[in-house]
Amino acid sequence: MARRIVDISVALKQGIRSDPPWALPQIDYHDHRMTAPPIADYFDIRQDQLPEGNYAAREQARISTHAGTHLDSPYHFFPRQDEALVPGGRPSMRIDEVPLDWCFQPGVKLDFRALPDGYTVQPDDVAKELDRIGHVLKPLEIVMVNTRAGSRYGEDDYIDVGCGMGKAATLYLLERGIRVCGTDAWSWDIPFSVTKARLAEGASPDIIWEGHRAGREIGYCHMEKLHNLEALPADGFMVACFPVKVHRASAGWTRAVAIFEE
């Protein structure tokens, strides 16, 4: 059976507006000529004794575990999870504790590109979109939301555009057995700039990061900075999004892909 793989991850790249300034990745590139002198010194040989004076290309990076396409663990959201399931909840899972079977499951795409920037997605929006595409959620499916932000990745307004998933909408998914979700926006929630403006207008601080906070009630993971979701149908594919195993971390980078058996 033929297999087609669609990349739904962004490249980890510096010099673009992929994060707020304080969170941008820094990558130093060392080419074959740059690394040749120290290795020649180590082996006590001349640089011209290496093939054409070359050694190895490598990169030195200073990056957050939330840079690029990544999977957030429940620990990122709050110290406890599952407070709606067990009395007092339980300690939140870190990224190296997330069950790997959560990360390879059938995928579902919800198309919210037409929703306005800063809109907080509600359960009715999710239910209507599922009805439109004719899909009934099954436990452990990976649900991804396609927002307007996906088309703006790397542009100056990227972190300020697109809709976000509200707490009630997130719980709507979690109560149906979903444990991994994803968005092509910078955040699962509405943009911080929109949240700040609403707080200035008198909104309750409860709106801060409300979608993330759903993980306090039912533990789950979500991906941020997905890409190319417009290339996917509503369903009929598998998603693989295994996170890098960073010890006791709140998130791990992932090369998320959609897999089609054709």
Decide side chain to side chain contact (heavy atoms under 4.5 Å, CB included) for L130 and L137; before the verdict, give the C-alpha distance in whole Å, the side-chain angles of both, and the deciding distance to 0.1 Å.
CA-CA 8 Å; L130 288 169; L137 291 177; 3.8 Å; yes
Common cluster, I5/M144, ILVMFWY with side-chain heavy-atom separation under 4.5 Å
no
Pairs flagged by ring pair (Phe, Tyr, Trp, His ring centres under 6.0 Å) wherever residues 60-94 is involved - sequence neighbours left out:
H66-H70, H66-H76, H76-W209, H76-H212, F77-H212, F77-Y220, F77-H222
Side-chain contact, heavy-atom cut-off 4.5 Å: D111 with I133?
no
Whether W253 side chain and S64 backbone form a donor-acceptor pair below 3.5 Å
yes
Linked hydrophobic residues, V161 as query - side chain contacts closer than 4.5 Å:
none
Please step through side chain to side chain contact (heavy atoms under 4.5 Å, CB included) for the pair D125 and L110, ending with a clear verdict.
CA-CA 10 Å; D125 300 307; L110 307 181; over 6 Å; no
Taking all non-hydrogen atoms of both residues, which atom of C241 and which atom of V180 are closest, and how far apart?
SG-CG1, 4.1 Å
The reported gap from CD1 in I45 to CG in L50 (rounded to nearest 0.5 angstrom) is 4.0 Å
Applying the 4.5 Å side-chain criterion to the ILVMFWY set and letting contacts propagate, would I63 and V244 be lumped into a single cluster?
yes
Stepwise side chain to side chain contact (heavy atoms under 4.5 Å, CB included) test for T147 and L115:
CA-CA 8 Å; T147 78; L115 295 178; over 6 Å; no
Test your reading of the model: is there a side-chain donor-acceptor pair from R4 to the backbone of I259, 3.5 Å cut-off?
no
Is L174 close to R179 at the side-chain level, that is, under 4.5 Å between some pair of heavy atoms?
yes
If two hydrophobic side chains count as joined below 4.5 Å and joins carry through other members, does V108 share a cluster with M165?
yes
Tell me, which pairs form a ring pair (Phe, Tyr, Trp, His ring centres under 6.0 Å) where one or both residues lie in residues 36-61, sequence neighbours left out?
none
Rounded to the nearest 0.5 Å, the NZ atom of K109 sits from the CG atom of D184 at a distance of 9.5 Å
Which residue pairs pass the ring pair (Phe, Tyr, Trp, His ring centres under 6.0 Å) test when at least one of the two sits in residues 104-127, sequence neighbours left out?
none
Please report the closest heavy-atom contact between K13 and P25, naming both atoms and the distance.
O-CG, 3.6 Å
The side-chain contact (heavy atoms from CB on, under 4.5 Å) partner of I159 among S193, P20, P191 is P20
I need the R248 CZ to E97 CD distance, nearest 0.5 Å.
7.0 Å
Main-chain N/O of G162 paired to D117 side chain as donor or acceptor, under 3.5 Å
yes
Can you confirm whether M93 sits close enough to P74 that some side-chain heavy atom of one is under 4.5 Å from a side-chain heavy atom of the other?
yes
So L24 and S18, do their side chains get closer than 4.5 Å, heavy atoms only?
yes
pair K167-T170: side-chain heavy atoms closer than 4.5 Å:
no
Look at the side chain of T69 and the backbone N and O of K225, then say whether any donor-acceptor pair between them is shorter than 3.5 Å.
yes
Hey, is the main chain of G164 close enough, under 3.5 Å, to the side chain of D189 for a donor-acceptor pair?
no
Do you know which two heavy atoms are closest between S187 and T183, and how far apart they sit?
O-CG2, 3.7 Å
With a 4.5 Å cut-off on side-chain heavy atoms, are R33 and N54 touching?
yes
Could you tell me the separation between the CD atom of Q47 and the CD1 atom of I39, rounded to the nearest 0.5 Å?
11.5 Å
Listing request: all ring pair (Phe, Tyr, Trp, His ring centres under 6.0 Å) pairs with a residue in residues 155-176, at least two apart in sequence or in separate chains.
Y153-Y158
Side-chain donor or acceptor of D96 paired with backbone N/O of H247 under 3.5 Å
no
Looking at R132 and E129, is there a salt bridge between them, counting it only when a charged N and a carboxylate O are closer than 4.0 Å?
yes
Pair Q122, T120 - check side chain to side chain contact (heavy atoms under 4.5 Å, CB included), show working.
CA-CA 6 Å; Q122 301 297 326; T120 302; 3.6 Å; yes
State plainly whether one hydrophobic cluster holds both V143 and M223, where clusters connect Ile, Leu, Val, Met, Phe, Trp and Tyr through side-chain heavy atoms under 4.5 angstrom apart.
no
State the CZ-CG distance between R113 and N146, to the nearest 0.5 angstrom.
4.5 Å
H32 side, atom NE2; M34 side, atom CE - distance, nearest 0.5 Å:
12.0 Å
L171 to E217 - nearest heavy-atom pair and separation:
CD1-OE1, 3.7 Å
Within a strict 4.5 Å, meaning less than it, do heavy atoms of the V121 and V126 side chains meet?
yes
Considering only NZ, NE, NH1 and NH2 on the basic side and carboxylate oxygens on the acidic side, decide whether R152 and D160 come within less than 4.0 Å.
no
May I ask whether L140 and F242 are part of the same hydrophobic cluster, defined by side-chain heavy atoms of I, L, V, M, F, W, Y residues being less than 4.5 angstrom apart, directly or through others?
no
Judged by atom type as modelled, is there a donor-acceptor pair below 3.5 Å linking the side chain of T65 to the main-chain atoms of G252?
no
Over 12 non-hydrogen atoms of neighbours within 6.0 angstrom of NZ in K128:
no
Show every donor-acceptor pair shorter than 3.5 Å between a side-chain atom in residues 226-240 and any protein atom, with sequence neighbours excluded, or say none if there are none.
residue: N228; atom: ND2; partner: D7; partner atom: O; Å: 3.4
residue: D235; atom: OD2; partner: H135; partner atom: ND1; Å: 2.8

Flag side-chain contact, heavy atom, 4.5 Å: S92 against P79:
no
Scanning both residues in full, the closest heavy-atom pair of I178 with C181 reads CG2-SG, 3.9 Å
Could you check whether any side-chain N or O of T35 sits under 3.5 Å from a backbone N or O of A57, counting only pairs where one atom can act as donor and the other as acceptor?
no
Do side-chain atoms of E141 reach the backbone of P106 as a donor and acceptor pair under 3.5 angstrom?
no
Got a sec: does the CD of E52 have more than 12 other heavy atoms crowding it under 6.0 Å?
no
Shortest non-hydrogen contact from P243 toward L71:
CG-CD2, 3.9 Å
Flag the pair D48 and R46 as a salt bridge only when some basic side-chain nitrogen lies within less than 4.0 angstrom of an acidic carboxylate oxygen.
yes
